[in-house]
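Notes for the one structure printed next.
Along the sequence shown, residues carry numbers from 1.
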Amino acid sequence: MSKKHKQATSDLQKIADQTSTFLKSLSGSSEHLSTKNSSTLFGVLGALIGTIVALFIDLYIPISTTMIQNTAIYAVLTAFGSTLGTIFYRGSRRINLEKRSEEYRLIFDELLERYKNLPKDTPEEIRREFLNNIKNLENAHAIQIEALLKLPQKKHMPLIENEKSIDT
């Protein structure tokens, strides 16, 4: 074997080893990502796009910046891409659903706190009516969420199991 042939064989073996290592790493990453939900994956995709945009800016648009400024540009565009990817995946319907759920949660928590802080001498009938109003709010919220999701009505998990759990 000539020296060139040995060198070429050695180089090919190094490339094959590096490719194998890279594919094993990629396979592990792919397996890890397959366990994530779609929202997370869209966020990762957005982050990659943001990083590519930052790289493009760094390579093709002549801006005299320091290393710290370049790092900041990469970080900001990566974070922006990640956030944008997640929001894009969720869409306006899910964002509105999350807003409504948060509003109901705040109202529910406030009412529950008021119920817990009722004076000890509050008549039982008023306590029951207050609790029924809280349960009705919970049911209305569940119905509204089901309507927004356009799912067939299913029994939802109640926020309040029974009155005794609230009183404790």
request  = Could you state whether Leu45 and Ile52 fall into the same hydrophobic cluster, counting links through intermediate Ile, Leu, Val, Met, Phe, Trp or Tyr residues with side-chain heavy atoms under 4.5 angstrom apart?
outcome  = no
inquiry  = According to side-chain hydrogen bond (donor to acceptor under 3.5 Å, both in side chains), does anything in residues 43-54 pair up with another residue at least two apart or in another chain? List the pairs.
reply    = Thr51-Thr78
message = Checking the side chain of Thr9 only, and the main-chain atoms of His5 only, is there a donor and an acceptor separated by less than 3.5 Å?
response = yes
inquiry  = Regarding Asn133 and Glu129, do their side chains bring together a donor and an acceptor under 3.5 Å, going by distance alone?
reply    = no
query = Can Val53 be reached from Leu84 by stepping across I, L, V, M, F, W or Y side chains whose heavy atoms are under 4.5 Å apart?
reply = no
message = Using the rule that Ile, Leu, Val, Met, Phe, Trp and Tyr join whenever any side-chain heavy atoms are under 4.5 Å apart, tell me whether Leu118 and Leu131 fall into a single cluster.
response = yes
message = Could you report the tightest heavy-atom contact between Tyr115 and Arg127, atom names first, then the distance?
response = CE1-O, 3.3 Å
key: Atom CZ of Phe80: over 12 foreign heavy atoms under 6.0 Å   = no
ask   = Is there a side-chain contact between Leu112 and Lys116 (heavy atoms, below 4.5 Å)?
value = yes
key: Nearest-0.5 Å distance, OG of residue Ser101 to CG of residue Asn96   = 11.0 Å
task = To the nearest 0.5 Å, tell me how far Arg100 CZ sits from Glu103 CD.
result = 8.0 Å
message = I need the Ile15 CD1 to Ser20 OG distance, nearest 0.5 Å.
response = 13.5 Å
key: Leu137 side chain reached by His141 side chain, heavy atoms, under 4.5 Å   = no
message = Nearest 0.5 angstrom please: Leu12 CG to Gln7 CD, how far?
response = 10.0 Å
ask   = For Arg114 and Phe130, which heavy atoms make the closest approach, and how far apart are they?
value = CB-CZ, 3.8 Å
ask   = How long is the span from the CD atom in Gln18 to the CD atom in Gln13, to the nearest 0.5 Å?
value = 10.5 Å
request  = Mind checking the CG-CD1 spacing from Asp121 to Ile126? Nearest 0.5 Å is all I need.
outcome  = 10.0 Å
